[in-house]
Structures are given as structure tokens and as C-alpha cells.
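Numbers here are sequence positions counted from 1. Just the heavy atoms: all of them, side chains too, but no hydrogens, waters or symmetry mates, feed the values below. Just so you know, these numbers come straight off a predicted model, no measurement behind them.
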Amino acid sequence: MAIVGKNGSGKTTFIKLLCRLYDVTEGCIKVNGVDIRKYDYQEYCRLFAAVFQDFQMFAFPLGENIAGGEDVIQEKAVDALNRAGMGERLERLPGKLDTYVGKEFSDEGVTFSGGEKQKMAIARAIYKDAPFVIMDEPTAALDPVSECEVFAGFDRMVGNKTAIYISHRLASCRFCQDIIVFDGGRVVQRGSHEELETQEGLYRELWEAQARYYQ
């Protein structure tokens, strides 16, 4: 599922409410008919693997960054990096998964580019192996070729999990089965790209505004 809309339309707020990073101030969100506030918070958080725009990499070894702790399952971390498009880069690193991110704690650490860190954040979400994968502008720091690689491998990344994908680039949402259009904090349209492209409404307006730059 893709979530699209103008800046300030409520896309990221919706995701953070769903993940319980915020609690609702009115109404409720239900999972399987149960108010999410009735679930154990830590147990509920384990349902989601999210990549937000403001992700953070730490000055720890690469493997620990991907695993989110000191206990790193090597094969799983390598697989996650490969699926996120970081496989070739990993092979060139001096210490592989033991390579430090940055030079704060090791002179042999590596300074990664913004795009590489973005791929590492995606790999972290893959490694968690949660049933819901949420990506908020996951390709914002990637060049067009890397972005294309991420889109092409998206199904491989998420497998049969439920995936929610936020993007300003509508062309990147065409591979999604379902698209929800937000405006002013409300859902104003829903359907596939083919359906929404032919309807009068915000989606077609946004699509045509972007498409004219590629004609």
C-alpha cells in the first residue's frame, strides 16, 4: 500500500499513530478489532519495522547497526544488506560487518554516503523481520539508479509481509497494489494507480504535475 499526498497532509502523522509513537487524542485505532492501546506496548512495537525520514545510524560496527544490538546473526545481516542493495559495498569493506560506521570510535571506520546510510536503514527494517514493513520516503537520499534498484527489489525485500510505503514521487508508487491519497488529514481517494489516474481528483492532479517534467 502506498500513501501519497501534499506536504502536511498527515501521511507521516498517520504512520506514527499506527506505530504508537503518538497516541490518538480522539477516536481509536484497532487491530483485529482491539484498541491498540490495550496491547502490551513492547509486544505491539514488535509488529512493525519502520524506516522514517529521520533515521539514525550509530558509530558502531555495521552489523550492530543492522541488528540493532550486539547480538548479530551474521547470515541474516548479510542477507538484509544484499536485499537493500548494499551487497557490493559490503564486499569492499575492510572488516565486512565489523567495519565501524564513521571514525568516532575507530580510525579504520568508514564514512558512508547519505544514500548508503539510507540503504542501511532499509536493511535494518528487513533484518527485524516484522510482519508490517513501513517505509517513509525510503529513497529520498538515493540517486535515480539506486532508487530504481530499490523499487525493482521491493517485493524481494518485503516478501509476503504487509508493506506501507510513503512517497512524494508518484511514479514510485505504481508497483503498489493499493494507493491511499491524503489531504488535510483525511483520506480523499483510494485505488490502484490505473484507477486513480483516470479519476478527477487530487491523485491525477499530483500525477500530471510531476509527469509534465518528464515529457
Side-chain angles (χ1 to χ4, degrees), residues 1-56 66-69 71 73 76 79-80 83-84 121-139 150-151 153-170 172-204 206:
M1 175 181 289
I3 299 176
V4 302
K6 297 178 182 178
N7 288 339
S9 62
K11 304 183 298 296
T12 298
T13 300
F14 164 71
I15 291 301
K16 290 186 175 180
L17 286 168
L18 180 63
C19 293
R20 278 205 69 190
L21 297 177
Y22 304 151
D23 269 333
V24 294
T25 53
E26 57 182 86
C28 67
I29 299 172
K30 294 181 178 180
V31 172
N32 293 333
V34 178
D35 188 325
I36 61 175
R37 289 169 291 187
K38 294 184 179 179
Y39 289 102
D40 176 80
Y41 183 73
Q42 296 298 328
E43 185 177 329
Y44 183 77
C45 287
R46 282 193 284 272
L47 293 175
F48 300 96
V51 181
F52 291 110
Q53 296 178 50
D54 52 353
F55 67 87
Q56 182 66 50
I66 302 307
D71 297 325
I73 302 173
K76 190 176 177 182
D79 177 63
R83 286 161 63 186
I122 294 172
R124 180 189 286 163
I126 295 170
Y127 183 95
K128 187 176 180 181
D129 199 25
F132 289 87
V133 178
I134 296 173
M135 296 194 178
D136 186 355
E137 295 282 357
T139 61
V150 169
F151 295 152
F154 198 76
D155 286 345
R156 185 178 70 253
M157 288 182 207
V158 301
N160 59 359
K161 305 177 190 303
T162 298
I164 299 176
Y165 177 82
I166 300 176
S167 180
H168 284 99
R169 301 174 191 172
L170 271 60
S172 68
C173 301
R174 297 180 66 171
F175 66 90
C176 293
Q177 296 169 313
D178 196 8
I179 299 173
I180 290 180
V181 185
F182 269 68
D183 190 31
R186 296 179 179 276
V187 175
V188 295
Q189 287 181 284
R190 181 173 181 178
S192 67
H193 169 77
E194 289 72 22
E195 292 168 342
L196 295 174
E197 187 187 14
T198 60
Q199 297 175 8
E200 289 286 343
L202 180 59
Y203 185 86
R204 191 164 81 178
L206 295 171

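Partners of F48 by ring pair (Phe, Tyr, Trp, His ring centres under 6.0 Å), not counting sequence neighbours, listed by chain and number: Y44, F132. With sequence neighbours excluded, the residues that form a side-chain hydrogen bond (donor to acceptor under 3.5 Å, both in side chains) with N7 are H168. Scanning for side-chain hydrogen bond (donor to acceptor under 3.5 Å, both in side chains) contacts around K16 gives an empty result, with sequence neighbours left out.
Judged by distance alone, with hydrogens and angles left aside, the side-chain atoms of D35 form no donor-acceptor pair with the main-chain N or O of K38 at under 3.5 Å. With hydrogens and angles ignored, the 3.5 Å screen pairs a side-chain donor or acceptor of Y127 with a backbone N or O of I73. One N or O on the side chain of E195 and one on the backbone of S192 form a donor-acceptor pair closer than 3.5 Å.
In this structure, V24 and C28 approach most closely via the heavy-atom pair CG2-CA, 4.1 Å. Closest approach of L202 to Q189, counting heavy atoms only: N-OE1, 3.1 Å. Between A121 and V51, the shortest heavy-atom distance links the atoms O-CG2, 3.5 Å. For Y39 against V31, the heavy-atom pair with the smallest separation is OH-O, 2.9 Å. Contact record, G5 with L206: CA-CD1, 4.2 Å, taken as the closest heavy-atom pair. C176 and A2 make their closest contact through SG-CB, 3.7 Å (heavy atoms, listed as atom of the first residue, atom of the second, distance).
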Residues I3, I15; criterion side chain to side chain contact (heavy atoms under 4.5 Å, CB included); working and verdict = CA-CA 10 Å; I3 299 176; I15 291 301; 4.0 Å; yes
inquiry  = If you apply the rule side chain to side chain contact (heavy atoms under 4.5 Å, CB included), what do you find for F52 with L21, and how did you get there?
reply    = CA-CA 12 Å; F52 291 110; L21 297 177; 3.7 Å; yes
task = Show your reasoning for whether side chain to side chain contact (heavy atoms under 4.5 Å, CB included) applies to I164 and M135.
result = CA-CA 6 Å; I164 299 176; M135 296 194 178; over 6 Å; no
request  = Tell me, with the steps shown, if T12 and D136 meet side-chain hydrogen bond (donor to acceptor under 3.5 Å, both in side chains).
outcome  = CA-CA 7 Å; T12 298; D136 186 355; 2.7 Å; yes
Intermediate values then yes/no, side chain to side chain contact (heavy atoms under 4.5 Å, CB included), V181 and L196 = CA-CA 9 Å; V181 185; L196 295 174; 4.1 Å; yes
request  = Give the intermediate values and the outcome of salt bridge (Lys or Arg N to Asp or Glu O under 4.0 Å) for residues R186 and D183.
outcome  = CA-CA 5 Å; R186 296 179 179 276; D183 190 31; over 6 Å; no
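The environment of R190 atom CZ is sparse: at most 12 non-hydrogen atoms of other residues, nucleotides or ligands sit within 6.0 angstrom. Heavy atoms of other residues, nucleotides or ligands lying less than 6.0 angstrom from CG of D23 number more than 12. Few gaps surround NZ on K161; more than 12 heavy atoms of other groups in view lie less than 6.0 Å from it.
If you take NZ on K128 and NZ on K76, they are separated by 10.5 Å, rounding to the nearest 0.5 Å. The CD1 atom of I66 sits 9.0 Å away from the CD1 atom of I126 when rounded to the nearest 0.5 Å.
Using a 4.5 Å heavy-atom cutoff, the side chains of I36 and K30 are not in contact. Side chains of M1 and I180 form a contact here, defined as non-hydrogen atoms less than 4.5 Å apart.
Cation-pi geometry between K11 and F182 is not met at under 6.0 angstrom from the ring centre and within 45 degrees of the axis.
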